[in-house]
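Below: one structure, written as structure tokens.
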Amino acid sequence: MRAWIALVVFLSFALPAGAQVKDWEKEWNRILLAAKKEGKVTIAANPDPDVRRMIPERFTARYGIPVEYIAGTSGQIRTRLQAERAAGLYTIDALLGGVDPVIYDDKMLDPLKPALVLPEVLDLSKWEKGKLWFSDPEQQYVLRILLNVVAVFDINTRHVRPEDVKSVKYFLDPKWKGKISTHDPTIAGTGNSRAAYFYVLFGADFLKRLYVDQEVVVSRDRRQMADWLVRGTHPVALGAQSQELERLAKEGFPVAQLNNIPDAPGYLSSGPGEIALVNKAPHPNAAKVFVNWMASREGVETLARSQLDNPLRTDIDKSFVQAETIPRPNVVYKVDSGDWTYQRETREKVRLLLKEMLKR
């Protein structure tokens, strides 16, 4: 009887566990070999220069697979995919950055979840909330690997005293007319996210009073906005590049982000921290290697460090993260820009509304 029990225990535990390890290694080696034969991986990703430099550099160093990097906003990438598919072209393997829900709606993606092989990726204890956090309704296609609190206003502290800002309506004072810059809110991206946040909290009239009546200066160059902020040309900004502001602050320049305004504590965002697999990919195995690496500790940390953002993995030292970007447990964040209803409906509504208001 004891021998029989021992045999059952062995078959129930020892063999499946060993087989499981052997199975993932065998599958991973097969994918990796095929990926190297494909010769490269083509990703469409965030246009930020630090992401563009660090991600290909680290990935290629790890696996020896070159990266073709197509930079663009989520809207630009969506438009490119739509145009290519209308022409019968398939050039992109994977996405990194904010993934436009239309790409999912138009069935341009393959399920990502079944492509995840590495044990460190599938170990749910290594992820906050003990799960892989997908943005899409099916919880299969678009994986979030970063999560930040986005401060809405950036300021030059020689011109704006943080303690004076008790409400966002502070910036409706005529003295700020012509002194506020914004990343373009009429295109998908940072500026549109902030405008949509204001719309949810305060409505369309507030948008008109801020963007039109205050003659906000529109830019598509977030580093330029940071430069304006430092110089005091436009001492208030909506969407200057956060890692550039962090660098400038460490060097002693009078810049800060306001993340403690009582009526606008910020919103949640994955920023450039979403990954997805494109279907009919030209290099499907290389794409699988890429998304597995991106969801690994090294991949998530590389992306997080490039932006000084908050990683969703629990096995990463967050000492490099800007403390104010980490969600606070005692704060209710009314907007999560990763919510697809918000992205599909609210952001697009606000984009079109501001396009009309600003005559752009």
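None of these values were measured; they are calculated from a predicted model.
With respect to Asp100 and Arg80, no salt bridge is recorded, no charged nitrogen being found less than 4.0 Å from a carboxylate O. Remark: Arg144 engages Asp336 in a salt bridge, criterion side-chain N to carboxylate O under 4.0 Å. Between Glu251 and Arg247 there is a salt bridge, since a side-chain N of the basic residue sits under 4.0 Å from a carboxylate O of the acidic one. Salt bridge Asp106/Arg85: absent, no basic N to carboxylate O contact under 4.0 Å.
Between Trp176 and Tyr170, the ring-plane angle classifies as tilted under the 30° and 60° cut-offs. Ring geometry for Tyr197 against Tyr267 counts as tilted: the plane angle lies between 30° and 60°, on a 0 to 90° scale.
Here the side chain of His283 pairs no donor or acceptor atom with the backbone of Ala35 at under 3.5 angstrom. Counting only distance, with no hydrogens or angles, the side chain of Asn156 and the backbone of Val230 share a donor-acceptor pair below 3.5 Å.
Applying the side-chain hydrogen bond (donor to acceptor under 3.5 Å, both in side chains) rule to pairs touching residues 285-296 yields Glu38-Asn285, Trp293-Glu298, sequence neighbours excluded. Here salt bridge (Lys or Arg N to Asp or Glu O under 4.0 Å) pairs that include residues 310-325, with residues two or more places apart or in two chains, are Glu120-Arg313, Glu128-Lys318, Arg313-Asp315. Applying the ring pair (Phe, Tyr, Trp, His ring centres under 6.0 Å) rule to pairs touching residues 87-139 yields Tyr104-Tyr141, Tyr104-Trp340, sequence neighbours excluded.
With values rounded to the nearest 0.5 angstrom, Leu312 atom CG is found 7.0 Å from Ser270 atom OG. Considering CD of Glu356 and NZ of Lys208, their distance stands at 12.0 Å, rounded to 0.5 Å.
Annotation: side chain of Pro185 is not in contact with side chain of Leu238 (no heavy-atom distance under 4.5 Å).
Side chain to side chain, Asn192 and Arg347 meet the donor-acceptor criterion of an N or O pair below 3.5 Å. A donor-acceptor pair shorter than 3.5 Å can be found between the side chains of Gln241 and Asp48.
A pairwise comparison of heavy atoms in Leu277 and Ala115 identifies CD1-CB, 3.6 Å as the closest pair.
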